[in-house]
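Naming: A, B, ... by sequence-line order, numbering from 1 per chain.
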Amino acid sequence: MKLPILETINLGHRFANGRWGLKHIDLRIDEGQFVVIAGANGSGKTTLLRHFNGLLLPTSGRVLVDGIEVSKDLLRARKIVQMVFQDTESQIVGETVRDEVAFGPENLGLPRDKIKALVDKTLEQTGLKSLSDTSPHLLSGGEKRRLTIAGVLAMKPRVVVLDEPFSNLDYPGVKMVLEQLLCLHRRKMTIVLCTHELEKVVAYAQRLVVLSKGEIVADGQPDKVIGSVERYGIHPPCSLKCKGCLEPWLS
Amino acid sequence: MAELSIFTYRPRPVWIVDCDPRIKLAALAGLSICSLGAGWTALALVTVVTSILWLRLVPSLRVLWNQTKYFIFLLALVVLARGLLTPGQVLLELGPLDLTAEGLAGGGYIAWRLLVIVWWSIILTATTAAAQIRSAVAWFLRPVPLVNEKVVATMIGLLVRFIPVILQQVRETMAAQQARAVAASSNPFRRAFKLILPVVRRVFLSADRLVWAMEARCFTPDRPFYHLDRGPADWLLASGAVVLCAALLLS
Ligand SMILES: Nc1ncnc2c1ncn2[C@@H]1O[C@H](COP(=O)(O)OP(=O)(O)OP(=O)(O)O)[C@@H](O)[C@H]1O
Ligand SMILES: [Mg+2]
């Protein structure tokens, strides 16, 4: 059997103040899957995602990326797993759009002309080409989100982990990000997305994991799991209530 | 971030933006040192030249005033303190202290010099990307033994990048406090104290997030340096700086 690209074994995380943020998390995510992790505010979504690229390390249990423990080789884990933060403002480190996208590849030590080609291609792909010399702080919310995604894609990761990628976006913004994700998914990238608004993505996902109070309370095919989400403080998609099935959000 | 400070780098249509950062740094250092013993006429000449550069950088004098008014207030305090503490021809008696002409002149001279140096530093940070400053610093430090120029350069680059963040935090915290009528308290020390704690807290938090953002994209101090090369604008800047330095030294 093929190794899962992401795996957590009995993962537990306790914060410095003694509070447990995660308890007994067992997850196996295969390469190429589109997984949605849902949970109410404070259920531990962000905490869980941060374990996948070693921004947090387990208090108990283990986290494996492509078969190797994250804590044994942080750099390797971060090359494979890239993360789009919940708060775009705090993810942007570059002074111009172009710098921001180049930041990751520069850290990987690629040659200069290769970085340039990679950055150009990524800017093109995310529709940010015309903004390359703008200061990121002058971009709109949707453009900033696209920029953080571009910064992550330029790293050529195998897994992209997104924390609430639709928050603060208007309809065209959501549409653009969602289309980008679907395109990545078609190209066999593994996508793990956290959200409390299932409406927009759940119809595209192959798997839905529900977190509540730091524990996994449901895990399976979206149409099987979706019926139980309301009890964990997540609003079920309207299409489920009206038509009894999950409808794609993009029409 | 709605309003960007003039201190922040962004590509601007001014020739000095394209200059080699090493020459800019050297010019700043040279001018600052040479202005230490300069006479009034040379200082006036330098001020005129600097103001011309300034007018190209700032959209309007009001913006300039708004963003530097606290600093100018500080300088006014310097002048007043010198005026009260230096013996000489008495202009005004204020209780136990006398305001003297010599004191005011001395204070005015110090304040003027400080103002010009600060103007130059702002011109440098406003027209030079942090990556460029980092590369220039590393270039100057390379021959120095026992100093890891890459680490020092990274630290300086981060510092430069962080100045606008800190200013932004101050402005936001002030706005939040004004909205809750903290400004109503008329004691300026009390107000400053109430401002400092939240600002320091926020600055530390954003530093933390910045570290995470950088780590998530595999940050290493071994990043490639900005490509440094010299063009015609550099000769203009270098010769201009040399002429001004000579004027300052000779006066
Ligand atoms: N550094 C910390 N110290 C102590 N407790 C923390 C810390 N960070 C998070 N928590 C707590 O852990 C719980 C899970 O937080 P987490 O940020 O993972 O939630 P989330 O599911 O991402 O929520 P949201 O939807 O609001 O983003 C929350 O109750 C939070 O208060
Ligand atoms: Mg969260």
Side-chain angles (χ1 to χ4, degrees), chain A residues 46 49-50 52-56 74-116 132-140 144 148 151-155 157 161 163, chain B residues 1-13 17-18 21 125-135 150 154 157-158 160-165 167-169 171-172 202-229:
Chain A
T46 303
L49 290 195
R50 284 183 180 151
F52 290 139
N53 63 355
L55 288 181
L56 292 177
L74 283 174
L75 191 61
R76 174 182 173 277
R78 288 172 187 162
K79 278 184 190 164
I80 298 177
V81 183
Q82 277 290 306
M83 177 164 174
V84 175
F85 290 29
Q86 184 163 7
D87 172 19
T88 42
E89 205 67 67
S90 61
Q91 178 163 16
I92 296 174
V93 295
E95 280 169 294
T96 63
V97 167
R98 167 171 284 281
D99 279 353
E100 170 63 19
V101 179
F103 181 80
E106 282 175 359
N107 288 331
L108 296 185
L110 303 177
R112 212 182 285 274
D113 47 340
K114 207 155 176 199
I115 294 180
K116 186 170 180 312
S132 2
D133 287 325
T134 321
S135 164
H137 301 296
L138 300 177
L139 301 181
S140 75
K144 276 185 197 160
T148 55
V152 154
L153 292 183
M155 297 288 281
V161 169
D163 198 352
Chain B
M1 271 197 218
E3 171 203 357
L4 265 190
S5 101
I6 43 169
F7 307 102
T8 323
Y9 166 76
R10 93 187 85 112
R12 294 166 209 253
V17 169
D18 300 320
T125 53
T127 63
T128 320
Q132 290 179 320
I133 295 184
R134 189 176 69 89
S135 308
K150 288 193 164 165
T154 301
L158 281 179
V160 172
R161 189 194 166 282
F162 233 71
I163 292 169
V165 175
L167 292 176
Q168 182 69 22
Q169 307 284 24
R171 235 177 283 141
E172 276 173 16
R202 289 178 66 160
V203 167
F204 274 116
L205 282 178
S206 20
D208 253 3
R209 289 200 221 105
L210 184 67
V211 168
W212 264 357
M214 291 168 59
E215 275 193 1
R217 278 189 287 162
C218 308
F219 176 78
T220 120
D222 262 328
R223 293 159 50 73
F225 281 116
Y226 181 84
H227 185 61
L228 299 165
D229 57 358

S.K.: Looking only at heavy atoms and a cut-off of under 4.5 Å, which of B/R217, B/M214, B/E215 has the most pairs with chain A?
M.R.: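 It is B/R217.
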S.K.: Would you mind checking which part of A/L108 comes under 4.5 Å of any heavy atom in chain B, side chain (CB onward), backbone (N, CA, C, O), both or neither?
M.R.: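 The side chain, not the backbone.
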S.K.: Flag the one option from A/M83, A/K79, A/Q82 with the top tally of heavy-atom pairs under 4.5 Å to chain B.
M.R.: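 Of A/M83, A/K79, A/Q82, A/Q82 has the most heavy-atom pairs under 4.5 Å with chain B.
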S.K.: Would you indicate whether the side-chain heavy atoms of A/F85 and A/D163 approach each other to under 4.5 Å?
M.R.: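 Of all side-chain heavy-atom pairs linking A/F85 with A/D163, none is under 4.5 Å.
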S.K.: For A/K144 versus A/L139, what's the shortest heavy-atom pair and its separation?
M.R.: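 Of all heavy-atom pairs spanning A/K144 and A/L139, the closest is CE-O, 3.5 Å.
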S.K.: Tell me the closest heavy-atom pair linking A/R78 and A/G54, and the distance in Å.
M.R.: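 Residues A/R78 and A/G54, closest heavy atoms: NH2-O, 3.0 Å.
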S.K.: Please name the pair of heavy atoms, one in A/P105 and one in A/A102, separated by the smallest distance, quoted to 0.1 Å.
M.R.: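 Answer, listing the atom of A/P105 first, then A/A102: CD-O, 3.2 Å.
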S.K.: Report which part of B/S206 has an atom under 4.5 Å of a heavy atom belonging to chain A: side chain, backbone, both, or neither.
M.R.: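 Nothing of B/S206, per the 4.5 Å heavy-atom cut-off to chain A.
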